[in-house]
Every structure is written in structure tokens, then in C-alpha cells.
Amino acid sequence: MLVLRWRTMRKGMAWLALALAVLAGRLNAAERRFDFSNAPTNAPPPGCVSTLSGQGKPGDWRALLDEVPLDPNALTIALGELTNSVTTASRRMALKSVVGQVARDTTDDHYPMLMLGSEQYGDFTFTTRFKIVAGDKEQIAGVAFRIQDENNYYVARANVLSGTFYFYKVEKGRHAPPIGNKIKFQTGEWHELTVQCTGTEIRLMLDGQDAMPALNDPTFSAGRIAFWTKSDSVVYYTDTMVSYTPKVSFAQQLVDDTLKQYPRLLGLEVFVATSAPGATRMIASADGKGIGEAGEAAEADVIKRGVSYYRKNRKMVVVTMPLSDRNGEPVAAVRVMLEPLPGQTEENARVRSLPIIKTMQQRMAAVRSLTE
């Protein structure tokens, strides 16, 4: 009996360790929940943008109330979501805020989209619940992701009339051949859709199960997320959230990589010009501190005229030099912080700093913007 209890305890401890590991992973990621209850009924949801892929007019997206199955997941309870029960006996349904596309445009090449904010997501897990309500020509619900614009994105969608669940890529307005399975859907049923992107790998899940084998496509590395429908489909969405790895700007990645290559540097900071005349702001630093703060007159002059600045104290030598784009035009100022050497001179400090700037310059030729 004692052995059995110990094995049971060990099994329980193993499950607890796994749960804590998963929770730790979630805590390390950023998370956003999309709350449509802030909008008055029949009003557009706040923070979202209605747009269109294809032909016709943008869809009509509104905040509504609808009966939704209660989520038994304890996380929902932990997050403190409040609902009004509409079946007091079983409490299995609740009246909740949803967002719906209710226009009935029957144009065939017509894909209403609701952009969920302006954030760009690279690696993420996005989950929503959807219900296909109506549609004479089409009954399709989907999620578009890693959206570059209305003509370039990925999409996962469910189709009641054809009984299919497909993934495909839209590139330059053209739809690639779909990948997917025959899966039956019913009008008026709620389903959970999860999209998970890690690097070039894409996983799609329906109601907690893999909808198809993992996919791999390198075309779009990051982008916005949107609800997506087709033609005259009337669709509702709710319980929407995204967990994601915050994107590191190219400038910060450039600083981090350069510090790995030159570990004896005391510091490295990058500044760019702002819209205000003669003003600059820091966009990357060795320790991540000071980002967004204003630079000094030296940084503005470095960007404007392509000159270098030098200063020295007992503990540090600072050389500020221009970082140029592929056309040779200064686009940023870089503060290189060095340990002073015996007999340190301004010329020697510039010579020591130049390889560091050249290393960063080689990477600059391959990107469009330091802040992307």
C-alpha cells in the first residue's frame, strides 16, 4: 500500500511539475485578451479596423450579445471573467459579448477582415471561438495572420457548406492551393480555433485537437492578426486572446549581436532622428535601459553631417559615430563605450571603434529600417 501511494504521489508530482513548466512559459510571454464588452451593442469594436481583401465593400463588424457555452477551463475563472447565466439550472450557457460580421455582400472575391489592433506578431499562440451564423452563398469563418497588408497573409478557415477546414497563403492577392481536411461543421455551433506560429512552423488546432499536420512556410515572419470571412457569411467571434513573444527591434538585435562579438565593450547605444528638428531618441542599448529617451546635440549632429564625436573620463571613452544605410547616408548615431587604454588618444579611440561600426554596417545593408 505504501509503495502504491508513493507511486501515486510521484505521478502527481510529475504532473504538477509539467503544469508549472507550462505556466512558467506563459508567464514569460506577453498576453493580450480582446474584450468586446467595451463597445455598445451594435457598435464597432474599439481598437479594431474593418478592412477588405478582394472586391466589394468592407464588412459590417459589430459588438453583439449571444449565448456562448461556458468554458470549463479553470484559466477563465482565474482571469475573473464575468458572465450572465441564461440557463440557471445547468449554467452551461452564458450571455456574452461577441463581435460579428453581419453584412451580406454576395460578391465571390469578397473577404471582410477585422484587424485586431496594429500590433505585429512573430511567434505567437492565438485562440478564439467562432460560430457561423448564416450565409446563402457562403458560410465561412476564418482567422488571417502574419498579415503584411490586405493582399499578403496566411489564413485558416472553416466552411460549413463544403465541410472543409483549410489553410492557404494569399500572396500579392493570389490564393495558393489550399491545404487541409474534410471536417463537418454545423451552422450555429461554437468551435475553438487556435493558431500557433513558431519561426516558420504553423500549427492549427480545432477544439483542442490538431486539425492537420504542422505546416512550414517562410514567406511571412510576422504581421497583424484579423478575423476573416467570405462573401455573405455572417460569423460571430468571442473568447479571443493572443500569447506572444515580444518582438525585438532590428536595432536592439544588432546591439545584442555586436556585444556578443565584442564582449569587452562597456556599452553600445543607437540613436535615430525624430520628427522634431534637431532631436534624437535612443532605440537600442546594451542593457535595454534608456530606450525612448532623448539624445544630445552630438547625436543629432552625427546624423545630420556624418561626423564623429569623442569624449573621455577616468572610467570610460565614448566615441559617437554615424551608421549609414546602403546608399551611404547617415541614418543613426552609435555611441561606442570603451575602456580607456594607457596613453589613450582620440585617434586611437576612433580606430578601435571603427571595426565595431563596420560590423554593424554590414548588417544594415540587408534591412529596410532600424526600428522594424
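Predicted, not measured: the structure shown is a model, and the values here were computed from it. Heavy atoms only: backbone and side chains are in, while hydrogens, waters and symmetry mates are out.
- Taking the side-chain hydrogen bond (donor to acceptor under 3.5 Å, both in side chains) definition, one finds that Asn327 meets it with nothing, sequence neighbours left out.
- Taking both residues in full, the closest heavy atoms of Ile283 and Ala251 are given as CD1-CB, 3.5 Å, listed atom of the first, atom of the second, then distance.
- For the atom pair Arg129 CZ and Thr194 OG1, the distance stands at 11.0 Å (nearest 0.5 Å).
- The shortest distance between side-chain heavy atoms of Tyr237 and Gln101 does not fall below 4.5 Å.
- Contact detail for Ser353 and Met321: the closest heavy-atom pair is CB-SD, 3.7 Å.
- Residues Ser308 and Pro322 share a closest heavy-atom pair of OG-CD, 3.9 Å.
- If you check the side chains of Arg62 and Thr41, you find no donor sitting under 3.5 Å from an acceptor.
- The line from CZ of Arg224 to CD of Glu119 is 8.5 Å long, rounded to the nearest 0.5 Å.
- Atom CD of Gln344 has more than 12 neighbouring heavy atoms from other residues, nucleotides or ligands inside a 6.0 Å radius.
- The stretch residues 114-145 participates, sequence neighbours left out, in these ring-ring contact (aromatic ring centres under 6.0 Å, His included) pairs: Tyr121-Tyr244, Phe130-His191, Phe145-Tyr154.
- In this structure, CG in Asp136 is found 5.0 Å from CZ in Arg104, a value given to the nearest 0.5 Å.
- Side-chain atoms of Thr238 come within 3.5 Å of backbone N or O of Ser97 as a donor-acceptor pair.
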Steps toward side-chain contact (heavy atoms from CB on, under 4.5 Å) verdict (Val133, Asp66): CA-CA 11 Å; Val133 179; Asp66 193 52; over 6 Å; no
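- A donor-acceptor contact under 3.5 angstrom links the side chains of Thr187 and Gln139, judged on distance only.
- Side-chain contact between Pro69 and Met93: present, with at least one pair of heavy atoms (C-beta onward) separated by less than 4.5 Å.
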Full working for salt bridge (Lys or Arg N to Asp or Glu O under 4.0 Å) between Asp325 and Arg363: CA-CA 10 Å; Asp325 62 16; Arg363 296 276 299 278; over 6 Å; no
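- Atom CZ of Arg281 and atom OG1 of Thr274 lie 8.0 Å apart (nearest 0.5 Å).
- With contacts defined as side-chain heavy-atom distances shorter than 4.5 Å, the pair Val242/Phe34 qualifies.
- Other residues, nucleotides and ligands contribute more than 12 heavy atoms inside 6.0 Å of the CD atom of Glu189.
- Taking 4.5 Å as the limit, every side-chain heavy atom of Val336 sits out of range of all side-chain heavy atoms of Tyr262.
- Taking both residues in full, the closest heavy atoms of Glu150 and Leu52 are given as CG-O, 3.1 Å, listed atom of the first, atom of the second, then distance.
- Without hydrogens or angle criteria, His110 side chain to Lys57 main chain gives a donor-acceptor distance under 3.5 Å.
- Put simply, the side chain of Asn313 gets close to the backbone of Met316: a donor and an acceptor are under 3.5 Å apart.
- How far CD of Gln148 is from CD of Glu171: 9.5 Å, rounded to the nearest 0.5 Å.
- Proximity of a side-chain donor or acceptor of Thr198 to a complementary backbone N or O of Glu201 within less than 3.5 Å is not detected.
- Within the 4.5 Å cutoff, the side chain of Leu64 has heavy atoms near those of the Asn42 side chain.
- Follow the hydrophobic side-chain contacts under 4.5 Å out from Ile202 and you never reach Val155; the two are in separate clusters.
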Worked check of side-chain contact (heavy atoms from CB on, under 4.5 Å) between Ile140 and Val160: CA-CA 6 Å; Ile140 296 177; Val160 166; over 6 Å; no
Stepwise salt bridge (Lys or Arg N to Asp or Glu O under 4.0 Å) check, Arg335 with Glu296: CA-CA 11 Å; Arg335 283 183 188 166; Glu296 301 173 357; 3.8 Å; yes
Test side-chain hydrogen bond (donor to acceptor under 3.5 Å, both in side chains) applied to Arg157 and Thr229, step by step: CA-CA 8 Å; Arg157 57 80 164 159; Thr229 67; over 6 Å; no
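- In this structure, Asn181 contributes its side chain and Phe165 its backbone to no donor-acceptor pair below 3.5 Å.
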Criterion side-chain contact (heavy atoms from CB on, under 4.5 Å) on Val270 and Met360, from CA distance to verdict: CA-CA 11 Å; Val270 180; Met360 300 174 73; 4.1 Å; yes
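- With Trp228 as the partner, the ring-ring contact (aromatic ring centres under 6.0 Å, His included) test is satisfied by one option alone out of Tyr111, Tyr166, Trp61, Phe167: Tyr111.
- One hydrophobic cluster, built from ILVMFWY side chains closer than 4.5 Å, cannot hold both Ile147 and Leu114; they sit in different ones.
- To the nearest 0.5 Å, atoms CE (Met205) and CD (Gln196) are separated by 4.5 Å.
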Audit row: Leu266, Leu338, side-chain contact (heavy atoms from CB on, under 4.5 Å) steps and yes/no: CA-CA 5 Å; Leu266 299 182; Leu338 306 164; 5.9 Å; no
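- Under a hydrophobic-cluster definition in which Ile, Leu, Val, Met, Phe, Trp and Tyr are linked whenever side-chain heavy atoms come within less than 4.5 Å, directly or via other members, Leu254 and Val272 are assigned to the same cluster.
- Between the side chains of Asp256 and Gln252, a donor-acceptor pair is found at a separation under 3.5 Å.
- Neither side chain, Glu269 nor Ser285, offers a donor N or O lying under 3.5 Å from an acceptor on the other.
- Hydrophobic cluster membership differs between Val334 and Val318, with clusters built from Ile, Leu, Val, Met, Phe, Trp and Tyr side chains linked at under 4.5 angstrom.
- With hydrogens and angles left out, the side-chain atoms of Thr200 and Asn216 include a donor and acceptor closer than 3.5 Å.
- With hydrogens and angles disregarded, no donor-acceptor distance shorter than 3.5 Å links the side chain of Thr125 to the backbone of Ser243.
- Of the possible donor and acceptor atoms, none in the side chain of Asp105 sits under 3.5 Å from a partner among the backbone N and O of Asp232.
- With hydrogens and angles disregarded, a donor-acceptor distance shorter than 3.5 Å links the side chain of Ser233 to the backbone of Glu138.
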Candidate pair Asp108 and Lys230, rule salt bridge (Lys or Arg N to Asp or Glu O under 4.0 Å), full reasoning: CA-CA 8 Å; Asp108 184 57; Lys230 182 180 180 183; 3.8 Å; yes
